[in-house]
Amino acid sequence: MKIGVLGSGQLGRMLALAGMPLGHSFSFFDASASTCTEGLGPVTVAPFDDIKALTVFAKGCDVVTYEFENVPCNAASAIQAVVPVYPPPRALEVSQDRVVEKEFLQSLGIAVPAFMAASTRDELIAACRAVGTPCIVKTRRLGYDGKGQARISSPEDAERVWEDLGGVPLIVEAFVPFSRELSVIAVRGIDGQIKSYPLAYNIHRAGILHRSEIPAPGISQSLAQDAYSIAARVLNELQYVGVLAIELFEVDGKLVANEMAPRVHNSGHATIDGSTTSQFENHIRAIAGSALGSAVSRAPAVMYNIVGTLPPEQSVKDIQCAKLHLYGKSPRPGRKLGHVTLIHPSADDENALEQLVRGER
Ligand code: AMP
């Protein structure tokens with residue numbers, strides 16, 4: 001099949017790397033030229049509001065998917081008038097606005113932090129009082145990797161945060177005293193079949209995912225079932241096709257949903273080397289109408305992101321259980337340049353890698 005991908009970053013790259021051995025060919029559409037998909041297929045560079053360019057792109061594809069959730073909904077709709085778009089554009093609508101997303105999750109009986117919308121400085125002050133402090137304030141739209149958010153310890157901070165976040169519509173969320181962060185990655189096929197990966201245990205640094213472990217250790221069967229049920233409710237409600245990720249807080253043995261991503265997800269990168277079928281392959285299988293592959297883990301896998309600077313390649317390769325994945329990007333502070341997955345690592349393997357990715361060796 002000819003698969004079109006909106007976006008040409010590392011997720012697009014890994015989708016193509018998974019889909020090409022299955023016989024698919026790829027093309028990409030992006031607002032700016034990127035190096036991540038070089039050699040993997042043609043890239044159309046045009047703005048996402050260029051309906052003519054989107055239509056021409058769509059005409060060259062059998063199916064179109066996307067690798068980031070801020071694809072404008074009318075771009076997805078314009079393409080859908082020509083070829084199927086998976087996941088369904090409604091998943092974009094829901095996940096692009098944190099208030100709509102939380103209301104959607106709540107409507108499915110999924111626990112979320114107490115929240116309130118605030119569109120003015122006064123509403124922000126009132127929302128902080130109503131939700132209680134400490135609370136987390138986030139822009140409703142376009143936040144990622146911890147950007148566009150602030151913690152408020154007392155309502156007096158609200159004025160400053162309103163200015164800092166640029167005076168845009170906000171969501172105020174109760175601070176969740178979580179014991180750890182987990183995510184569930186699940187995939188739904190065109191026929192409605194669902195497969196879920198073992199939960200991932202995620203650790204962030206400076207708002208960016210640092211370490212992700214699949215399977216998350218110490219997960220009871222009932223907690224895993226709760227997570228799978230959360231994912232299944234979202235997938236079925238949206239008549240979803242493809243991979244979906246939901247970030248979760250574990251608090252007092254229960255799950256509270258933080259946010260959803262209608263795409264392959266950074267916390268699922270360990271599935272490339274650790275699972276029978278990677279999240280990328282399963283996304284391609286789903287959107288191409290093929291049977292889904294097993295989501296079972298082959299081995300415990302721990303992924304570390306490479307952010308900002310590249311560690312010495314040879315030192316990473318010297319760790320025998322390490323699988324290095326570079327995205328071909330030039331280093332820049334805060335930029336995800338690649339990841340390394342350790343398969344069944346010892347404590348020494350992990351320590352060595354941790355030092356390398358922190359730039360300490
Ligand atoms: P997000 O952009 O919503 O994924 O938030 C980035 C990170 O901020 C999360 O991974 C958490 O570590 C933290 N965080 C976000 N929302 C909350 C919350 N309501 N309570 C506590 N921590 C939060």
Side-chain angles (χ1 to χ4, degrees), residues 11 67-70 91-92 94-106 110-118 124 127-155 157-158 161 164-166 168-185 199-214 216 227 230-231 234 243-270 303-305 307 334-336 339:
L11 300 179
E67 56 131 43
F68 72 114
E69 61 272 39
N70 289 319
L92 288 173
V94 169
S95 57
Q96 282 177 1
D97 181 322
R98 291 183 190 270
V99 172
V100 174
E101 178 180 63
K102 291 231 159 41
E103 285 169 350
F104 171 77
L105 293 169
Q106 243 178 358
I110 296 166
V112 295
F115 69 94
M116 222 167 157
L124 176 60
C128 292
R129 293 226 163 84
V131 168
T133 47
C135 57
I136 307 273
V137 180
K138 305 175 183 175
T139 57
R140 282 178 67 155
R141 291 179 169 272
L142 297 174
Y144 69 101
D145 284 346
K147 292 189 178 69
Q149 56 179 271
R151 187 181 157 142
I152 286 197
S153 312
S154 90
D157 299 343
V161 167
D164 287 354
L165 294 180
V168 295
L170 302 170
I171 184 171
V172 178
E173 293 178 18
F175 180 82
V176 179
F178 57 82
S179 50
R180 58 180 175 166
E181 293 189 73
L182 302 168
S183 55
V184 57
I185 293 173
L199 303 192
Y201 164 39
N202 305 320
I203 296 174
H204 295 83
R205 279 179 65 201
I208 302 180
L209 184 66
H210 171 58
R211 177 189 187 276
S212 183
E213 179 173 2
I214 299 180
I230 288 171
V234 173
V243 165
L244 168 83
I246 305 180
E247 295 181 23
L248 303 162
F249 299 129
E250 183 182 4
V251 47
D252 297 329
K254 295 214 164 53
L255 297 173
V256 174
N258 175 26
E259 63 176 354
M260 55 185 259
R263 54 168 169 81
V264 285
H265 194 253
N266 197 170
S267 68
H269 290 2
M303 184 228 61
Y304 282 81
N305 268 334
V307 180
R335 200 176 203 198
K336 289 177 182 166
H339 71 269

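Please read all numbers here as calculations on a predicted model, not as lab measurements. Counting starts at 1 for both ligands and their atoms, following the listed order. Because only heavy atoms are used, hydrogens play no part in the values below, and waters and symmetry mates are left out as well, while side chains stay in.
- Contact annotation: for V176 versus ligand 1, heavy atoms closer than 4.0 Å belong to both the backbone and the side chain.
- Checked by atom type and distance alone, the side chain of D97 pairs as donor or acceptor with a backbone atom of V99 at under 3.5 Å.
- Within the 4.0 Å heavy-atom criterion, the part of A174 lying near ligand 1 is the backbone and not the side chain.
- Those atoms of ligand 1 with a heavy atom of H204 less than 4.0 angstrom away are 10 (O).
- Listed by number with element, the atoms of ligand 1 under 4.0 Å from a non-hydrogen atom of E247 are 4 (O).
- Taking any N or O of P113, backbone or side chain, none lies under 3.5 Å from an N or O belonging to ligand 1.
- A donor-acceptor pair is defined here as one N or O able to donate and one able to accept, closer than 3.5 Å; no such pair exists between the side chain of N258 and the backbone of E247.
- Under the 4.5 Å side-chain criterion, counting only non-hydrogen atoms from C-beta, M260 is in contact with V234.
- Counting heavy atoms from C-beta on, the side chains of R211 and M303 never come closer than 4.5 Å.
- If you look at N258 next to ligand 1, the close heavy atoms, those under 4.0 Å, all belong to the side chain.
- Listed by number with element, the atoms of ligand 1 under 4.0 angstrom from any heavy atom of E259 are 1 (P), 2 (O), 3 (O), 4 (O).
- In this structure a side-chain-to-backbone donor-acceptor pair under 3.5 Å is present from S179 to E250.
- Put simply, the side chain of T133 never gets that close to the backbone of S154: no donor and acceptor are under 3.5 Å apart.
- Using a 4.0 Å cut-off to heavy atoms of F178, the atoms of ligand 1 that qualify are 12 (O), 21 (C), 22 (N).
- Between the choices R151, Q149, E101, the shortest heavy-atom distance to atom 2 (O) of ligand 1 belongs to Q149.
- Ring geometry for H339 against H269 counts as tilted: the plane angle lies between 30° and 60°, on a 0 to 90° scale.
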